[in-house]
Amino acid sequence: MNKRLLLMIGAVLLFLSACSLQPPEWAKPDNNQNPEDMKIGLSVSTLNNPFFVSMKDGVEKEAEAQGMDVVVVDAQNDAAKQVSDVEDLIQQGVDVLLINPTDSSAVSTAVQSANSLGIPVVTLDRSSEKGDVATLVSSDNAKGGKMAAEYMVDQLGEGAKVAELEGVPGASATRERGSGFHTVADEQLDVTAKQTANFDRTEGLNTMENILQGNPDLEAVFAHNDEMALGAYQAIQSSGRDVLVVGFDGNEDAMTSIRNGSLSATVAQQPEQIGSLAVQAGADVLQGEEVEETIPVPLKLVTKENIDE
């Protein structure tokens, strides 16, 4: 095979590769369109978590109210799958992408792919480290972590021995909730253990069992989400110990547990509202309107005393 033929083959392959990243002409986004003509692509980090199911429900309800179509994909907490899922959504010709990142760094590739085609991106609950994101719709995770630590100090006093169950490494929510927690905990509490349990209930149970064995004087645990908190409580209950448990999200199971006197508290978000606000933000961007860089959703520290307020 001569050199000229090799160069021609290489050029064809390069062309085909470039074309594969582009959606068909009919599928390219059309700005300034009416909301009822819009097609939304929603990539969720996992649907094996009630919080994100509620967020998805919020997206679907608001989209239906505005006459929009929604295509939902579940990354199953797999960062590589999420990037592939978003590329598939682009190929399907979505007008706007709503992304709840599994990993804030890894998702940057997908965001940049959308940017290159002029498809607006809105992130939900967690941010993207790189790429152009129209807005982040989220609660103030750092503030929520701080609220959890302040509650522990209020309940147990300064110097109490506490543990921390961290979320998925690389997720912005993990970093921010932990950072907010430590602004208070590092000064007023004794953090004797800190381990990841990946926002998962079963991992929360198993990790908490290990922490309890090595920390006989433990007084409290802050879990970065309610699923880990509920798993941690199972481990504590089995051990016969009395340990205060604080979660984060405010999902239905956590609320029931607080009413029953099991979990002590949760930093409650409003996932359905995050979803609905993200849809509205996407519609605004597509119609050429300016949106804030961050759209905040209020938090509330829920305890048995104030759960019905």
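- Counting only distance, with no hydrogens or angles, the side chain of N198 and the backbone of D200 share no donor-acceptor pair below 3.5 Å.
- In this structure, S54 contributes its side chain and P271 its backbone to no donor-acceptor pair below 3.5 Å.
- Looking at Q280 and D284, their side chains do bring a donor and an acceptor atom within 3.5 Å of each other.
- D85 and K81 are joined by a salt bridge, as a carboxylate oxygen and a charged side-chain nitrogen come within less than 4.0 angstrom of each other.
- The two residues P101 and S45 make their nearest non-hydrogen contact at O-CB, 3.9 Å.
- Under the 4.5 Å side-chain criterion, counting only non-hydrogen atoms from C-beta, E164 is not in contact with R177.
- No side-chain donor from either of Q195 and T207 sits under 3.5 Å from a side-chain acceptor of the other.
- Rounded to the nearest 0.5 angstrom, N100 CG and D125 CG are separated by 6.0 Å.
- Between atom NZ of residue K143 and atom CG of residue L299 there is a gap of 7.0 Å, rounded to the nearest 0.5 Å.
- Using a distance-only test at 3.5 Å, with no hydrogens or angles considered, no donor-acceptor pair links the side chain of E219 to the main chain of A160.
- The hydrophobic cluster containing V267 does not contain F51, counting ILVMFWY residues as joined when their side-chain heavy atoms lie under 4.5 angstrom apart, directly or transitively.
- In this structure, N115 contributes its side chain and D132 its backbone to a donor-acceptor pair below 3.5 Å.
- The heavy-atom pair separating G167 from T196 by the smallest distance is O-OG1, 2.9 Å.
- Under the 4.5 Å side-chain contact rule for hydrophobic residues, V73 and V107 share a cluster.
- Counting heavy-atom neighbours within 6.0 Å of N260 CG, excluding the residue itself, gives a total above 12.
- Listed by first then second residue, pairs satisfying salt bridge (charged side-chain N to carboxylate O under 4.0 Å, His left out) with a partner in residues 226-241 read R201-E227, not counting sequence neighbours.
- Under the rule for a salt bridge (Lys or Arg N to Asp or Glu O under 4.0 Å), the partners of E129 that lie at least two apart in sequence or sit in another chain are R175.
- For the atom pair OG of S276 and NZ of K61, the computed distance is 10.0 Å after rounding to the nearest 0.5 Å.
- Between V191 and A185, the shortest heavy-atom contact is CG2-CB, 3.8 Å.
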If you look only at distance, which donor and acceptor atoms sit under 3.5 Å apart when one is on a side chain in residues 145-153 and the other is two or more places apart or in another chain?
none

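- Between the side chain of T135 and the backbone N or O of E293, at least one donor-acceptor pair lies under 3.5 Å.
- Between G250 and T266, the shortest heavy-atom distance links the atoms N-OG1, 3.4 Å.
- Counting only distance, with no hydrogens or angles, the side chain of S128 and the backbone of K130 share a donor-acceptor pair below 3.5 Å.
- In this structure, the side chains of V297 and L277 come closer than 4.5 Å at one or more pairs of heavy atoms.
- The residues D190 and K161 are annotated as salt-bridged, a charged nitrogen and a carboxylate oxygen being separated by less than 4.0 angstrom.
- T303 contributes no side-chain N or O that, together with a main-chain N or O of A265, makes up a donor-acceptor pair within less than 3.5 Å.
- Atom CD of E252 sits in a sparse spot, with 12 or fewer heavy atoms from other residues, nucleotides or ligands closer than 6.0 Å.
- No single ILVMFWY cluster, assembled from side-chain heavy atoms under 4.5 Å apart, contains both L136 and I295.
- Shown here are the ring pair (Phe, Tyr, Trp, His ring centres under 6.0 Å) partners of F222, two or more places apart in sequence or in another chain: F181, H224.
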Please evaluate residues V279 and L98 with respect to the criterion side chain to side chain contact (heavy atoms under 4.5 Å, CB included), reporting the C-alpha separation (whole Å), side-chain torsions for both, the decisive distance (0.1 Å), and the verdict. CA-CA 8 Å; V279 171; L98 309 185; 4.0 Å; yes

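- Residue pairs satisfying the ring pair (Phe, Tyr, Trp, His ring centres under 6.0 Å) criterion with at least one member in residues 289-309, sequence neighbours excluded, are absent.
- No path of Ile, Leu, Val, Met, Phe, Trp and Tyr side chains, each step under 4.5 Å between heavy atoms, connects I99 with V83, placing them in separate hydrophobic clusters.
- Atom CD of E290 sits in a sparse spot, with 12 or fewer heavy atoms from other residues, nucleotides or ligands closer than 6.0 Å.
- Contact annotation: the side chain of K39 approaches that of Q92 to within less than 4.5 Å [non-hydrogen atoms, C-beta and beyond].
- Applying the 6.0 Å contact sphere to CG of N210 captures more than 12 heavy atoms from other residues, nucleotides or ligands.
- Rounding to the nearest 0.5 Å gives a distance of 9.5 Å between CG of D78 and OG of S84.
- Listed here is the closest heavy atom pair of S104 and S172: OG-N, 3.0 Å.
- Remark: side-chain polar atoms of R126 are not paired, donor with acceptor, to backbone N or O of A171 under 3.5 angstrom.
- For the side-chain contact (heavy atoms from CB on, under 4.5 Å) with L97, the qualifying choice from V133, I90, I40, V122 is I90, the only one to do so.
- In terms of heavy-atom proximity, V96 sits nearest to G282 at CG2-CA, 4.0 Å.
- Between the NZ atom in K304 and the OG atom in S262 there is a gap of 8.5 Å [rounded to 0.5 Å].
- Cluster membership for F248 and I274, using ILVMFWY side-chain heavy atoms within less than 4.5 angstrom, is not shared.
- Side-chain contact between N49 and N225: present, with at least one pair of heavy atoms (C-beta onward) separated by less than 4.5 Å.
- Here D95 contributes atom CG and D37 contributes atom CG; the two are 8.5 Å apart, rounded to the nearest 0.5 Å.
- Counting heavy atoms from C-beta outward, L124 and V59 have side chains that approach closer than 4.5 Å.
- Residue I211 shares its hydrophobic cluster (ILVMFWY side chains chained together at separations under 4.5 Å) with L165, V168, F199, M208, L212, L218, V221, M228, L230, Y233, I236, V243, V245, M255, I258, L263, V302, I307.
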